[in-house]
Number of protein chains: 2
Amino acid sequence: MTEPGPDEVMDRLVQVSFTVMALLSRAAAAHDLSLTQLRALAILRDRTPKMAELADYLGLDRSSVTGLIDRAVKRGLVRREASDDDGRAVRVDLTAQAHRLAGELGAEIAELLAPLTRDLTPAERNRLGVLLGRMLP
Amino acid sequence: MTEPGPDEVMDRLVQVSFTVMALLSRAAAAHDLSLTQLRALAILRDRTPKMAELADYLGLDRSSVTGLIDRAVKRGLVRREASDDDGRAVRVDLTAQAHRLAGELGAEIAELLAPLTRDLTPAERNRLGVLLGRMLP
DNA sequence: TATTGTTATACTCTATAACTATA
DNA sequence: TATAGTTATAGAGTATAACAATA
């Protein structure tokens with residue numbers, strides 16, 4: 001049978017990851033969003049972080065997030081709001097339109113990714129989920 | 001125990017994929033390479049494709065690859081060579097320096113990714129590899 | 001003084017459209 | 001005519017350095 005060595009496992013993980021990213025990019029592009037904007041959308045679905053916190057979530061410099069949010073504001077996806085506790089800070093909040101868009105995107109992404117596990121049985125899909133869960137913090 | 005539903009499995013797959021991409025980006029950045037340049041390097045390790053073929057591998061427009069290869073040439077990573085069979089075509093060839101770099105990067109990436117499966121037993125790692133293999137074409 | 005966010009600047013990545021040289 | 005590659009152009013994404021406002 002297929003007996004993957006340790007490096008082979010990592011190779012496959014990288015291959016699958018690139019495939020996933022390509023599919024996510026395609027889903028985002030269908031709504032004229034970049035992968036980064038898609039990530040921001042996902043993060044902001046259940047958070048209203050300050051700019052610096054959002055930068056941390058995304059692993060980007062604050063100055064990069066300024067431009068990202070500038071463009072998102074221009075498209076009506078987010079609002080900048082003053083922070084109550086800190087006069088310097090700015091909170092980022094998703095608009096209702098963006099919440100709807102995020103919902104649609106979630107469904108579309110689920111559909112796009114589904115074929116990936118097409119050849120796995122439900123039990124195997126389950127085992128995959130468990131193993132992946134053990135790889136996350 | 002952890003019984004992931006179908007959407008949960010996909011969520012974890014996306015999470016792990018983002019983690020993998022972040023680690024790959026970090027490995028590339030340590031050598032002042034972008035993720036795209038890293039991909040190109042990996043592809044060119046065992047191929048000498050024409051520009052159009054490389055564009056296909058990368059899923060990019062030909063014009064994008066022109067710039068990518070321009071920058072790689074400037075850094076001494078690749079050479080452009082005339083194609084024997086087609087006077088219009090250009091073959092892209094990795095330099096010896098780039099081959100060495102690719103080797104180093106491979107080892108560094110293996111080290112960076114290893115912690116991901118730290119909590120899996122060898123048998124589990126194996127099963128993960130098999131499942132991932134079934135998700136690839 | 002330190003932190004938050006922005007601006008200015010520069011580079012990479014990417015696509016579209018127009019062009020050239022060859023087929 | 002069609003294809004391979006480049007150029008010109010435009011916009012997104014990203015980081016570094018310098019800055020203003022607030023803590």
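Quick note on labels: first sequence line is chain A, next is B, and so on, each numbered from 1. All heavy atoms count here, side chains included; hydrogens, waters and symmetry mates do not.
Atoms CG (A/Leu58) and P (D/dT14) sit 8 Å apart, rounded to a whole Å. One atom, CG of A/Asp32, and another, P of D/dG11, lie 14 Å apart when rounded to the nearest Å. Atom CG in A/Leu33 sits about 17 Å away from atom P in C/dT14, given to the nearest Å. In this structure, the CG atom of B/Asp56 is 10 Å from the P atom of D/dG5, given to the nearest Å. As rounded to whole Å, 14 Å separates atom C1' of D/dT6 from atom CG of B/Leu68. Taking atom CG on A/Leu54 and atom C1' on C/dT6, their separation rounds to 15 Å, with Å as the unit. When the C1' atom of C/dC11 is taken as reference, atom CZ of B/Arg75 falls 13 Å away, rounded to whole Å. What separates CD1 of A/Ile69 from C1' of D/dA12 is a distance of 14 Å, to the nearest Å.
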How does each nucleotide of nucleotides 15-23 of chain C score, in 5' to 3' order, for protein heavy atoms under 4.0 Å: base (B), sugar-phosphate only (S), or none (-)? BBB---BBS
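Note on B/Met10: it clusters hydrophobically with A/Phe18, by side-chain heavy-atom contacts below 4.5 Å among ILVMFWY residues.
Each of B/Ala52 and A/Arg39 was matched to the nucleotide of DNA chain D holding its nearest heavy atom; the match closer to the 5' end belongs to B/Ala52.
Comparing D/dT7, D/dG5, C/dT4 by their nearest atom to the side chain of B/Asp70 picks out D/dT7. For A/Thr66, counting side-chain heavy atoms from C-beta on, the closest listed nucleotide (D/dT14, C/dT6, D/dG5) is C/dT6. When the nucleotides C/dT14, D/dG5, C/dG5 are ranked by their closest atom to the side chain of B/Arg71, C/dT14 comes out on top.
The pair A/Glu8-A/Arg12 meets the salt-bridge criterion, since a charged nitrogen lies less than 4.0 angstrom from a carboxylate oxygen. Under 4.0 Å is where a charged nitrogen must lie from a carboxylate oxygen, and between A/Arg134 and B/Glu124 at least one such pair does.
Within the nucleic acid shown, B/Arg80 comes within 4.0 Å of sugar-phosphate atoms alone, with no base atom in reach, counting heavy atoms only.
Under the 3.5 Å distance criterion, the side-chain polar atoms of B/Arg125 are matched with a main-chain donor or acceptor of B/Thr117. A donor-acceptor contact shorter than 3.5 Å is absent between the side chain of B/Arg62 and the backbone of B/Ala52.
Scanning for side-chain contact (heavy atoms from CB on, under 4.5 Å) contacts around B/Ala98 gives B/Leu41, B/Leu77, B/Leu94, B/Thr95, with sequence neighbours left out.
Paired with B/Val78 under the rule side chain to side chain contact (heavy atoms under 4.5 Å, CB included), one option of B/Asp93, B/Val73, B/Leu68 passes, and it is B/Val73.
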